[in-house]
Amino acid sequence: MEDNLENITEDEAELYDRQIRLWGLDAQRRLRAASILLIGLKGLGAEIAKNIILSGVKAVTLMDPNMIDEEDQMSQFFVSSAPVGQNRAVASAAPAQLLNPMVKVTADASNPSDKEDEFFAQFDVICATGCKTSLQCRLDNLCQERKIKFFSGDVFGFYGFMFSDLGRHEYLHEEIKRKKKDGQEKEEEGITITREVTNFSLLENELKFDWKADSPGMKKKIRQTPSAFFITRVYEEFLELHGRRPAVSTMEMDTKELQNLRILVLNKLGVPAKCIPEDFYQYGYGELSPVCAIVGGVLGQEIIKAVSQKDAPLDNFFFFNGVNDEGMVDKISV
Amino acid sequence: MALNGALGKQNVNTLNKCKILMVGAGGIGCELLKNLVLTGFTDIQLIDLDTIDVSNLNRQFLFRKEHVGKSKAQVAKESALKFNPNASIVAHHDSIFNSEFGVDFFKSFTVVLNALDNRAARNHVNRMCLAADIPLVESGTAGYLGQVNPIKKGLTECYECQPKPSAQKSFPGCTIRNTPSEPIHCVVWAKHLFNQLFGEEDPDEDVSPDTEDPELTADAGKSALDSEAKKDAIGGIERKSTRAWAVETGYNAEKLFNKLFRDDIKYLLSMETLWKERRPPQALDFHDLPGKDLQSASTRSTDVWTVQECGDHFTRCLTALKEDLAKRGEDGMLVWDKDDHHAMDFVTSVANIRAHIFGIPLKSGFEIKSMAGNIIPAIATTNAIIAGAIVLETLKILFGKIDKCKQVYLNRVPNDRKRLLVPCALDPPNPKCYVCSSKPECVARFNTSKITVKTLQDKILKGHLNMIAPDVEIDDGKGTILISSEEGETEDNEDKYLSDFGVVNNTRLKCDDFLQNYSLVVTVAHVEKLDGELEFEIVGDLSQCHPEEDGDSSAASGAPAAGKAADDEDDLIVMEDLELEDKEMEQSQGESVESRKRPAEDVESPAKSKRKAVAAAGDSEDLIEIS
């Protein structure tokens with residue numbers, strides 16, 4: 001790990017006081033050297049942007065080729081009362097910048113699919129929200145080649161997920177150990193710090209997992225896999241096929257398609273029908289603000305962990321299901 | 001504002017009709033207000049007494065630098081209105097304890113959401129919601145951990161159903177005064193010294209050597225005292241208050257320094273039994289401090305000062321604080337504040353000088369501020385997650401599905417059932433709860449001839465039992481009024497002891513708080529002396545109490561120890577992480593929610609039911625750092 005990072009100024013120490021007390025000065029120094037590309041500025045993207053800009057990273061590029069739409073009113077607080085039709089990233093940049101003048105916030109209205117691979121090399125972290133699975137996989141692959149930390153995520157109504165691929169990730173792990181000193185009744189606490197490594201896997205490898213394999217423990221594996229994994233696969237399928245997400249304005253039509261895709265996903269994966277409740281679609285329209293806050297909070301914290309190289313990262317999915325309050329971490333391919 | 005269809009079959013228009021009261025517009029509050037407005041709530045009132053500080057800006061995203069010093073409630077309202085200009089938000093820059101916010105006020109809301117940072121306010125809102133019979137969603141965060149607790153009278157545990165340990169960890173007086181072994185001991189001593197010199201004098205905060213240290217045989221302590229008094233005139237100042245002596249010397253830095261760090265230390269050294277198995281302290285002289293020749297160029301708060309630098313800061317701060325004190329007039333006093341640079345630097349320098357004397361590692365000003373200011377670290381992401389969970393629970397309450405509500409705990413790492421967010425079933429009310437049961441009762445253990453009416457009122461009823469303006473009547477058939485909330489009616493009683501009014505073992509005191517609509521019967525259990533240095537002890541659950549004949553008390557197990565009132569209004573928190581068994585304690589001091597509830601879905605491994613996240617109830621600004 002580089003030690004040539006500049007020291008934190010008194011102004012920064014004052015502003016970031018409460019978080020430095022949690023993750024320490026070194027972590028804060030690493031944070032403020034990180035450049036992050038955030039793709040997708042809907043409700044989830046806005047939450048992530050807020051969290052990482054507040055934390056004091058060096059620079060955040062907000063990228064979204066789309067226009068503000070009606071659904072942004074319910075979760076995208078940068079533009080929730082802005083007129084529809086403006087580019088989302090451009091409209092978000094000014095209010096996002098106000099959160100922390102020490103972070104360089106820029107907007108890019110281009111489509112990430114149109115960018116050359118070289119464009120992405122300038123970032124330390126790339127986080128893709130609201131993107132098709134195929135684009136997520138392309139970005140993940142190029143991030144792995146270039147040793148860029150990759151994240152993706154999305155929210156559909158009450159459901160949401162996060163994925164991370166940090167490649168070979170080194171981090172410091174703090175453990176508080178209690179031990180008794182000789183001759184003393186009281187236990188003393190000491191902090192031990194160890195350097196740990198986690199090896200991540202590619203999103204495409206995770207999604208290739210063979211649920212039909214006749215291996216022992218598969219039934220248990222299916223039972224223990226978060227419901228939001230199977231549910232969000234339906235929405236990812238919708239997005240991939242139609243290039244858009246199910247919308248409140250086309251609810252009737254989209255519900256039928258979601259019901260069809262449910263069967264398709266169940267068959268494709270080869271998992272029992274109960275993995276995706278029949279009425280799942282009732283809870284999957286729009287992006288619910290509290291769900292964006294939860295998934296965006298977890299994802300934002302994972303970006304902070306990845307950059308600061310402090311604490312064990314979540315390996316490698318987080319799923320949230322707001323219908324039953326379940327927020328689970330899982331590695332599908334294991 | 002949500003669109004119909006997004007909340008499933010539930011109609012978004014229901015949200016328009018809901019009246020929400022939000023208590024607190026800080027870390028959780030800012031996130032919560034955003035979520036509420038975006039989700040489609042349009043009728044919101046929020047209360048916060050606080051003003052905005054720079055250290056809030058890393059997470060309280062509705063505030064910016066230009067808002068520092070302004071009302072949190074007001075600025076939060078203005079910022080949130082930009083998310084939906086059609087929402088109706090009323091901001092109260094006021095205390096929730098204000099009698100204006102009575103039971104009728106609470107009754108005017110559909111649901112109350114707490115986003116608080118201290119236990120006193122949480123207790124109060126809990127009682128107001130019980131009295132008004134309005135559902136409450138309670139929440140708290142500390143560092144990476146957080147929790148959400150839906151509360152409904154008669155259906156779930158209330159906030160006070162489970163006893164909570166004392167808000168502040170206290171240390172034995174002799175450790176602080178004679179044998180410090182950790183930085184925190186020096187910090188506590190330094191704060192005591194501050195209060196002795198500039199603040200309200202408290203006999204419990206004596207900074208001089210303690211001759212009644214149980215480690216000393218009676219003789220050793222006494223002979224040390226005698227010999228010291230003889231050979232050293234300064235020894236005689238023990239009988240004078242530290243404050244009076246300091247004033248006499250004109251707060252002379254050299255005299256104070258040499259008394260505190262040279263003569264008192266020499267005196268401690270004369271208590272030889274203390275140092276048989278300890279490293280003896282080394283007295284310092286004002287003019288001969290280590291690090292004199294080292295010129296450290298840095299002035300950052302994260303650097304550790306040399307002892308010489310500590311001495312310089314000690315001198316500088318004494319002068320500055322003396323001037324601050326003079327501005328307060330004849331009987332003025334200073335209140336220690338972690339954000340006052342002179343007060344903070346004074347404690348940093350004093351704590352480090354004392355640490356050096358006792359061979360304890362020195363700490364930076366930044367670290368000492370954590371300890372002295374009881375600062376709980378706080379981050380945006382945890383608050384965002386918890387605020388999201390609050391709204392999801394609130395939606396269930398509003399759409400008539402309170403039976404589906406869960407307590408939600410946010411862990412630092414996933415538990416062995418892969419859960420980062422753990423939903424737990426709600427527990428029914430504790431039938432013996434001294435707050436929400438139909439006939440609230442508790443037992444107070446103390447020596448009736450040592451507890452004054454004022455102590456009963458201020459420390460027990462207000463400080464510990466969280467009443468605001470109690471009325472107390474002795475249940476003696478005559479209805480003797482001990483305390484009246486009407487001004488001037490019972491002030492003559494204040495300095496008398498309870499025994500003067502015929503209060504004995506098993507006397508019942510009928511205590512009422514009009515504002516909280518709360519009546520509590522306190523049964524007195526007379527004990528000659530309590531363990532440790534406790535003045536009194538409250539036992540909420542009567543079955544846990546075994547009043548004793550003599551003074552050799554054994555603290556009732558599970559009872560909240562009645563320590564001294566926290567000396568900082570923001571309180572502390574303990575959290576036990578899921579990995580308790582793996583010895584991965586997060587933090588170790590302060591308030592804890594003592595619940596040991598089963599994860600809602602955890603039926604297959606009862607053995608693991610105890611492995612439960614117990615996060616703190618507090619987006620508290622406060623923490624004692626593990627040193």
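Chain naming here is simple, since letters A, B, ... match the order of the sequence lines and numbering starts at 1 in each.
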Check: Arg21(A) and Glu367(B) side chains under 4.5 Å, non-hydrogen atoms: no
Side chain proximity check, Pro290(A) to Thr39(B), heavy atoms < 4.5 angstrom: yes
Ion pair Glu326(A)/Arg417(B), N-O distance below 4.0 Å: no
Polar contact flag, side-chain donor to acceptor under 3.5 angstrom, Ser289(A)-Asn35(B): yes
Side-chain heavy atoms of Arg18(A) within contact of Asn58(B), under 4.5 Å: yes
Lys404(B) NZ to Asn324(A) CG distance, which is reported to the nearest 0.5 Å: 11.0 Å
Heavy-atom side-chain proximity of Phe83(B) to Val79(A) below 4.5 angstrom: no
Lys82(B), part contacting chain A, at a heavy-atom distance under 4.5 Å: backbone
Residue Leu15(A) versus chain B: region with a heavy atom under 4.5 Å: both
Separation between CD of Gln19(A) and OG of Ser55(B), rounded to the nearest 0.5 Å: 11.0 Å
Backbone of Lys331(A) reached by a side-chain donor or acceptor of Lys418(B) within 3.5 Å: no
Gap separating the CG atom of Leu420(B) from the CZ atom of Phe320(A), nearest 0.5 angstrom: 10.5 Å
Rounded distance (nearest 0.5 Å) linking atom CD of Glu14(A) with atom CZ of Phe366(B): 11.5 Å
Separation of Leu98(A) CG from Lys65(B) NZ (nearest 0.5 Å): 14.0 Å
Minimum side-chain heavy-atom gap Ile385(B)-Val298(A) below 4.5 Å: yes
Student check: side-chain heavy atoms of Phe61(B) and Asn100(A) closer than 4.5 Å: no
Non-hydrogen side-chain atoms of Lys34(B) and Glu47(A) separated by less than 4.5 Å: yes
Proximity breakdown for Asp311(A) and chain B, heavy-atom pairs closer than 4.5 Å: side chain
Flag side-chain contact, heavy atom, 4.5 Å: Phe77(A) against Val37(B): no
From OH (Tyr285(A)) to CG (Leu7(B)), nearest 0.5 Å: 14.0 Å
Lys/Arg N to Asp/Glu carboxylate O, Asp325(A) vs Lys396(B), below 4.0 Å: yes
